[in-house]
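Okay, structure first, notes after.
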Amino acid sequence: MSMMDSLSTSPSKQHPDIVVVGGDSSLHYLLQRYAERIGYPVRVEESSLSAEAIRKSEPVAVIFPSVEILEGAQSLAVELTNFDIPIIVCSSVFDQARTHELGADYCLLHPLVFDSFSSTVSAAVKSKLENRASKAEEQAQAPINPV
């Protein structure tokens with residue numbers, strides 16, 4: 001099975017989930033409802049969870065419900081970036097630049113609407129697939145060693 005086959009853009013039973021780090025239960029509920037509509041399960045975790053534990057579950061993306069939560073979990077965000085796990089942050093248009101400074105790949109701008117959520121998750125999945133394909137291609141190319 002190729003790298004591209006292991007994570008497809010169409011959700012399936014074996015498809016990874018979306019991890020939400022911290023936040024309030026009403027936002028979790030909204031994110032879960034949106035994710036279920038496009039076929040992804042949602043798992044809520046505390047910001048104290050290690051990036052390695054998140055990486056092992058191979059999530060589609062990690063969502064931080066606010067800029068403040070992302071700021072409080074900066075070491076986690078840096079590690080997730082090192083693992084090529086897309087980071088999505090729910091923020092206002094005024095905080096958008098700050099979220100990118102803190103390592104976010106995508107912003108879900110308030111008010112959160114389904115179409116924006118769906119397109120953002122799709123972009124994260126596509127980016128993850130492209131990164132994996134690129135890395136697989138780099139690894140497949142044998143280095144040229146002069147004799």
Side-chain angles (χ1 to χ4, degrees), residues 1-140:
M1 180 185 327
S2 73
M3 286 284 215
M4 294 296 283
D5 293 333
S6 67
L7 180 66
S8 66
T9 55
S10 61
S12 70
K13 194 170 189 173
Q14 298 173 341
H15 203 313
D17 55 7
I18 295 172
V19 174
V20 176
V21 177
D24 66 73
S25 59
S26 60
L27 184 57
H28 295 164
Y29 178 76
L30 178 65
L31 294 172
Q32 183 175 9
R33 295 282 305 215
Y34 286 171
E36 285 175 354
R37 284 180 63 185
I38 57 174
Y40 293 97
V42 170
R43 182 168 42 104
V44 178
E45 298 289 353
E46 296 300 318
S47 60
S48 59
L49 186 68
S50 75
E52 180 63 28
I54 293 173
R55 182 196 65 77
K56 285 181 180 178
S57 69
E58 297 183 9
V60 168
V62 173
I63 299 176
F64 289 87
S66 71
V67 177
E68 295 77 22
I69 293 173
L70 178 62
E71 285 176 322
Q74 256 314 266
S75 60
L76 175 62
V78 168
E79 289 182 64
L80 292 172
T81 300
N82 292 336
F83 290 135
D84 288 327
I85 298 172
I87 297 173
I88 302 171
V89 179
C90 302
S91 70
S92 70
V93 70
F94 302 109
D95 290 330
Q96 194 170 6
R98 180 76 179 129
T99 62
H100 290 294
E101 290 172 4
L102 294 169
D105 299 301
Y106 304 92
C107 291
L108 280 173
L109 298 177
H110 293 289
L112 301 179
V113 294
F114 175 74
D115 290 341
S116 176
F117 178 87
S118 178
S119 64
T120 300
V121 170
S122 293
V125 169
K126 182 178 179 183
S127 171
K128 188 171 185 170
L129 287 169
E130 289 170 353
N131 287 342
R132 282 187 174 186
S134 176
K135 284 183 180 183
E137 187 176 298
E138 287 173 13
Q139 291 174 351

Discussion item. Within the structure provided, determine whether Val44 and Leu31 are in side-chain contact (heavy-atom separation under 4.5 Å).
Written reply: no
Item to complete: Report yes or no: does Ser122 contribute a side-chain atom to a donor-acceptor pair with the main-chain N or O of Ser118 at less than 3.5 Å?
Response: yes
Worksheet, complete the sentence: Rounded to the nearest 0.5 angstrom, the OG1-CD1 distance for Thr81 and Ile87 is 3.5 Å
Worksheet item: Which pair of heavy atoms, one from Ala104 and one from Leu70, lies closest together, and at what distance?
Response: CB-CD2, 4.3 Å
Discussion item. Nearest 0.5 angstrom please: Arg55 CZ to Leu80 CG, how far?
Written reply: 11.0 Å
Worksheet item: Quick one: CZ on Arg43 to CD1 on Ile54, what's the gap to the nearest 0.5 Å?
Response: 7.0 Å
Fill in: Note, Leu49 side chain near Leu76 side chain (heavy atom, < 4.5 Å)
no
Fill in: Side chain to side chain, Leu112 and Cys90, heavy atoms closer than 4.5 Å
yes
Item to complete: Give, for atom CD1 of Ile38 and atom OG of Ser119, the distance between the pair rounded to the nearest 0.5 Å.
Response: 9.0 Å
Discussion item. According to side-chain contact (heavy atoms from CB on, under 4.5 Å), who are the partners of Ser47, at least two apart in sequence or on a separate chain?
Written reply: Val21, Ala73
Item to complete: With rounding to the nearest 0.5 Å, note down the distance linking CG in Leu30 to NE2 in His28.
Response: 11.0 Å
Discussion item. Is the shortest side-chain heavy-atom distance between Asp17 and Pro59 below 4.5 Å?
Written reply: yes
Worksheet item: How would you list, by chain and number, every residue that makes a side-chain contact (heavy atoms from CB on, under 4.5 Å) with Ser50, sequence neighbours excluded?
Response: Glu52, Ala53
Discussion item. Do Glu71 and Leu102 have side chains that approach each other closer than 4.5 Å (heavy atoms only, starting at C-beta)?
Written reply: yes
Discussion item. Is it the case that atom CD in Glu101 sees more than 12 heavy atoms from other parts of the structure closer than 6.0 Å?
Written reply: yes
Item to complete: Indicate yes or no: does Arg33 engage Glu36 in a salt bridge with an N to O separation below 4.0 Å.
Response: no
Item to complete: Give the minimum heavy-atom separation between Ile69 and Gly23, together with the two atoms involved.
Response: CD1-N, 3.3 Å
Worksheet, complete the sentence: For Ala61, the side-chain contact (heavy atoms from CB on, under 4.5 Å) test, sequence neighbours excluded, returns Pro86, Ile88, Ala124
Discussion item. Any non-hydrogen side-chain atom of Leu109 less than 4.5 Å from a side-chain atom of Ser116?
Written reply: no
Worksheet item: Can you tell me how far the OG1 atom of Thr120 sits from the CD1 atom of Ile63, to the nearest 0.5 Å?
Response: 8.5 Å
Worksheet, complete the sentence: For Val60 and Pro16, the nearest pair of non-hydrogen atoms, with its separation, is CG2-O, 3.7 Å
Response to the item:
The complete set of ring pair (Phe, Tyr, Trp, His ring centres under 6.0 Å) pairs with one or both residues in residues 100-130, sequence neighbours excluded, reads Tyr34-Phe114, Tyr34-Phe117
Worksheet entry | Sequence-distant partners of Gln96, side chain to side chain donor-acceptor pair (under 3.5 Å), two or more places apart | none
Worksheet item: So, do Phe83 and Val62 sit near enough that their side-chain heavy atoms are less than 4.5 Å apart?
Response: no
Worksheet item: Can you list the residues that meet the side chain to side chain donor-acceptor pair (under 3.5 Å) rule with Ser26, with sequence neighbours excluded?
Response: Asp24
